Amino acid sequence: MKLYVSTTRLKRVSIPGAAASRGGGERFWQVMKGKISTQTAVNSRICHRTVVMPAILLLGLLLPFLFVRIAFLVLESATVCSSSIGNFELREELTRALLEATNSIDDESGIATVEGSKSLLSFEDLVRDTMSNRQDIKTFAFKTKAIVLYGDSYQRTLSYSCAKCVILNMERMVQMAKRRESIYWHLASHGVPRCIHCLSLKLAEEYAVNAVARSCLPPLEFVSCLTDPSFHHVVLLTDNVLAASVVISSTINTSLNPEKLVFHVVTDKKTYTSMHAWFAVNTIDSAVVEVKGLHQYDWSHEINVGVKEMLEIHHQIRNNIYRKLKEEDLEYEEEHDHKLEVLSPSCISLLNHLRIYLPELFPDLNKVVFLDDDIVVQHDLSSLWDLDLNEKVVGAVFDSWCGHDCCPGRKYKNYFNFSNPVISSNLDYDRCGWLYGMNVFDLQMWRKTNITAVYHQWLKLSLNSGFILWHPGALPPALIAFEGYVHRIDPSWHVAGLGFQYPQVDKYTLEAAAVIHFSGPAKPWLEIGDPEVKGLWNRHVNFSNEYIRKCRVMG
C-alpha cells in the first residue's frame with residue numbers, strides 16, 4: 001500500500017504491477033498522440049487552487065511538488081471541463097507517477113533521467129520527445145521535474161511565485177496558531193489546580209474538627225518575638241497554602257540562623273482557617289510563624305476607605321483594558337503577552353495590592369523583608385536585615401542580571417502609556433523598573449514619607465484620565481509612588497523571569513541567585529510550569545505529608 005495525494009482528496013491505494021503501469025503509460029502516450037481525446041482522459045479542469053493543495057498538505061516537500069501543477073497545465077491547455085469519468089484512472093496514475101518521481105528523484109535512475117532532460121527547455125519540447133520515443137508515464141514525470149528545475153524560465157518564475165504565495169499563507173497560519181497557543185497558555189495559568197483546592201478544603205476541615213489545628217500561632221511563649229527588632233522579620237501576603245509553605249521552608253533550610261527568623265503570613269478570611277491549620281499541625285521548631293487574617297485587623301475608618309477605593313480603581317483599570325483587549329485583533333499582534341496579563345487574577349487581588357499598606361499592617365516593626373509566594377529562597381538572607389538603604393525606603397533589584405544597564409522587558413515603556421502627556425512629562429521612557437517580589441522595606445523611614453498618599457493621588461489621576469495611564473498590576477503605580485526612595489541592591493539577590501513561556505535565565509545565574517522568582521504566568525504549582533525549573537521549587541515540598549498525599553499533589 002502507498003499513500004498519495006490526488007487533486008481531490010487524500011487516498012490510500014494499492015499500486016498495481018508492471019503490466020498496469022505499462023497500460024497507463026500506453027493510454028498516456030495515446031493522449032499525447034491524439035488517438036484518445038483529452039476530454040475523455042481528463043474528467044474535470046484542474047484549477048490553480050486545486051493543484052496547489054498537495055503542496056499545502058506536504059509543506060515540507062513544497063518545492064519538489066510544484067512541478068505537479070506545471071505538468072497538469074499541459075492537459076489543461078488542451079481541454080475544457082468534461083463530465084466524463086471513463087478515464088478517471090489516467091489522471092490518478094499521472095498524479096501517482098509525478099509523486100513517485102518526486103520521492104525517487106535522488107535514486108540513480110531518477111538522477112540519470114533528470115540529467116538527460118536538461119536540454120528540454122520547454123513543455124513543447126517535452127511533448128515532442130514523449131510522442132517520438134513512446135515513453136511511459138513515469139519517464140514523463142521525471143522529465144517534467146527536470147523542466148521545472150532547469151527549463152523554461154517563465155514556467156520557473158510562475159512556479160516560484162505560487163510557492164511564495166503558499167509560504168506566506170502558511171506563515172500567516174503559523175503566526176495565528178502561535179498567538180492562539182499563547183492566549184490559551186495564559187488562560188491555563190489562571191486556574192486553581194484541583195490539588196491546591198483540595199488541600200485548602202482538607203485543612204479547613206481539620207481546623208473545624210481538630211483542636212491542635214486551632215492552637216495559637218505562634219505559641220504564647222513566642223508572642224514577644226513578633227515585635228522584637230532583633231529578629232529577622234519576613235512578610236508574606238498570600239492565599240496559597242502550599243506556596244507559603246515552600247517560601248518558609250526554603251528560607252529556613254538555607255538560613256544560617258533560622259532561630260532568628262519570624263514569619264508574618266497575612267491572608268484573607270476565606271483562606272485563614274486552612275493557612276492556620278497547616279502551620280499549627282506542621283509545627284516549625286526552628287522559627288516563629290504568625291498567621292493573621294485581614295478580618296482580624298482593626299483599622300481606622302480612613303484606612304478602610306482608602307483600601308476599598310484602591311481596590312475599586314484597580315478593578316476599573318483592569319476592566320477598561322480588558323474591554324479594549326477584546327476589540328483588538330490578537331491574531332496579528334506581535335507584542336501582546338503583556339496585554340494578556342490583564343487576564344491574571346493577581347491584577348485585582350487585594351493581597352497583591354495591599355503591600356502599599358505595609359506600615360499599617362505592621363505598625364510595630366521597623367524593617368522587614370517582603371517575599372512573594374511564588375519565590376524560592378536558595379541562599380541565606382540574613383545580611384539583608386543589616387543592609388544600609390542610605391535613608392531610602394525600599395531595597396530592590398533592577399533587572400540587570402543580564403549585564404550592565406540591561407533590563408529586558410522591564411523598562412517603564414513596558415508598564416506605562418507614554419502616548420499620554422501626563423506620563424511622558426513625568427517619566428523616562430527607557431528607565432529600568434525595579435522588581436517587586438523580594439524587597440527590603442524600612443518601615444520606619446516609610447512612615448516619614450508621603451509614599452502611600454502619592455500612590456493614591458496617581459490612582460485618582462488614572463481614574464480621571466479614563467484608566468489609560470498604565471497597564472494593570474501592582475507595580476506601575478508603585479514605581480511612581482516610590483520615586484526617589486529606592487536603593488539598588490546587587491542583582492544576585494533576586495532573579496525574576498521564571499514562569500514565562502520562553503525562559504531566558506541561564507543555569508549559572510539561577511544557581512547563584514539568592515532568590516528565584518516565578519514572576520511569569522506558569523507558576524511552579526501548575527502543570528504548565530517548566531519541568532526544568534519546577535524541580536527547584538519541588539525540592540521544598542514535603543510530598544510525604546499526609547495532606548499532600550491525600551490531595552495528590554504531584555511534583
Side-chain angles (χ1 to χ4, degrees), residues 232-237 247 251 346 352-359 361-362 365-416 427-428 430-452 454-455 458 470-471 473-499 505 509-510 512-520:
H232 297 162
H233 297 272
V234 183
V235 173
L236 284 85
L237 306 178
V247 174
T251 306
S346 64
N352 193 42
H353 294 290
L354 206 57
R355 65 189 79 186
I356 197 66
Y357 279 95
L358 283 179
L361 286 168
F362 304 101
L365 297 180
N366 295 331
K367 199 171 190 179
V368 300
V369 169
F370 176 86
L371 299 177
D372 263 341
D373 62 0
D374 52 358
I375 67 98
V376 175
V377 179
Q378 299 189 128
H379 301 295
D380 179 57
L381 302 181
S382 300
S383 58
L384 286 176
W385 285 271
D386 299 325
L387 190 65
D388 183 6
L389 297 182
N390 295 319
E391 298 186 350
K392 305 294 185 182
V393 172
V394 55
V397 167
F398 290 74
D399 202 4
S400 57
W401 52 263
C402 56
H404 181 64
D405 291 334
C406 174
C407 49
R410 296 290 178 181
K411 292 186 177 181
Y412 275 32
K413 64 182 179 181
N414 301 111
Y415 298 111
F416 298 99
L427 302 177
D428 182 3
D430 284 321
R431 184 171 181 178
C432 287
W434 48 276
L435 298 180
Y436 247 165
M438 195 292 296
N439 305 106
V440 184
F441 286 102
D442 187 336
L443 301 183
Q444 191 174 18
M445 183 63 66
W446 189 339
R447 296 184 186 102
K448 298 178 182 179
T449 69
N450 63 343
I451 289 175
T452 305
V454 170
Y455 183 92
W458 276 91
W470 57 72
H471 298 298
L475 183 55
L479 291 175
I480 302 175
F482 283 96
E483 181 70 25
Y485 294 103
V486 184
H487 175 73
R488 184 187 295 262
I489 63 177
D490 191 272
S492 63
W493 280 111
H494 182 191
V495 170
L498 281 72
V505 185
T509 302
L510 286 179
V515 168
I516 56 174
H517 190 181
F518 291 83
S519 55

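Remember, predicted model here, so these are calculated numbers, not experimental data.
In this structure, the separation between CG on Asn439 and CG on Leu358 is 9.5 Å, given to the nearest 0.5 Å. Of the inter-residue distances, the one linking Leu389 atom CG with Leu384 atom CG reads 9.5 Å to the nearest 0.5 angstrom. Atom CG of Asp374 sits about 3.5 Å away from atom NE2 of His517, to the nearest 0.5 Å. Between atom CG of residue Leu381 and atom CG of residue Leu387 there is a gap of 11.5 Å, rounded to the nearest 0.5 Å. One distance of note links CG of Leu365 with CG of Asp442; it measures 11.5 Å at 0.5 Å rounding. Between the OH atom of Tyr412 and the CG atom of Asp428 there is a distance of 8.5 Å, given to the nearest 0.5 Å.
Gly473 approaches Pro476 most closely through the heavy-atom pair O-CD, 3.7 Å. Contact record, Val495 with Ala513: CG2-CB, 3.4 Å, taken as the closest heavy-atom pair. Looking at every heavy atom in both residues, Tyr455 comes nearest to Ala478 through CE1-N, 3.9 Å. Annotation for His494 and Met438: closest pair CE1-N, 3.6 Å, computed over non-hydrogen atoms. The shortest heavy-atom contact between Met445 and Val393 is CG-CG2, 4.0 Å. Gln378 and Leu510 make their closest contact through NE2-O, 2.6 Å (heavy atoms, listed as atom of the first residue, atom of the second, distance).
Judged as a salt bridge (charged side-chain N to carboxylate O under 4.0 Å, His left out), and not counting sequence neighbours, Arg447 has no contacts. Residues forming a ring pair (Phe, Tyr, Trp, His ring centres under 6.0 Å) with His487 (at least two apart in sequence, or on another chain): none. Taking Phe482 as the reference, Trp434, Trp446 meet the ring pair (Phe, Tyr, Trp, His ring centres under 6.0 Å) condition, with sequence neighbours excluded. Not a single ring pair (Phe, Tyr, Trp, His ring centres under 6.0 Å) links Tyr485 to another residue, sequence neighbours left out. Listed by chain and number, the residues in a salt bridge (charged side-chain N to carboxylate O under 4.0 Å, His left out) with Asp373 amount to none (sequence neighbours excluded).
The side-chain heavy atoms of Ile356 and Ile451, taken from C-beta on, include a pair separated by under 4.5 Å. Between Asn366 and Leu443, the closest side-chain pair of non-hydrogen atoms is not below 4.5 Å. Contact annotation: the side chain of Asp372 approaches that of Phe370 to within less than 4.5 Å [non-hydrogen atoms, C-beta and beyond]. Side-chain contact check for His379 versus Trp493: every heavy-atom pair is 4.5 Å or farther apart. Contact of the Lys413 side chain with the Asp430 side chain is registered, since non-hydrogen atoms from C-beta on lie closer than 4.5 Å. Side-chain contact between Val440 and Lys367 is present, with at least one heavy-atom pair separated by less than 4.5 Å. Contact annotation: the side chain of Val377 approaches that of Val515 to within less than 4.5 Å [non-hydrogen atoms, C-beta and beyond]. Leu479 is not listed as a side-chain neighbour of Leu427, based on a closest heavy-atom distance of 4.5 Å or more.
Applying the salt bridge (charged side-chain N to carboxylate O under 4.0 Å, His left out) test to every pair with at least one member in residues 378-391, sequence neighbours left out, gives no pairs at all.
Taking the ring axis of Tyr436 as reference, the NZ or CZ atom of Arg355 stays within 45° of it and closer than 6.0 Å to the ring centre.
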CA sep, side-chain torsions, deciding dist, call: Leu361, Leu237, side-chain contact (heavy atoms from CB on, under 4.5 Å): CA-CA 11 Å; Leu361 286 168; Leu237 306 178; 4.1 Å; yes
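Between Phe416 and Trp470, the angle of the ring planes goes over 60°, which puts this pair in the perpendicular group of the 30/60° scheme.
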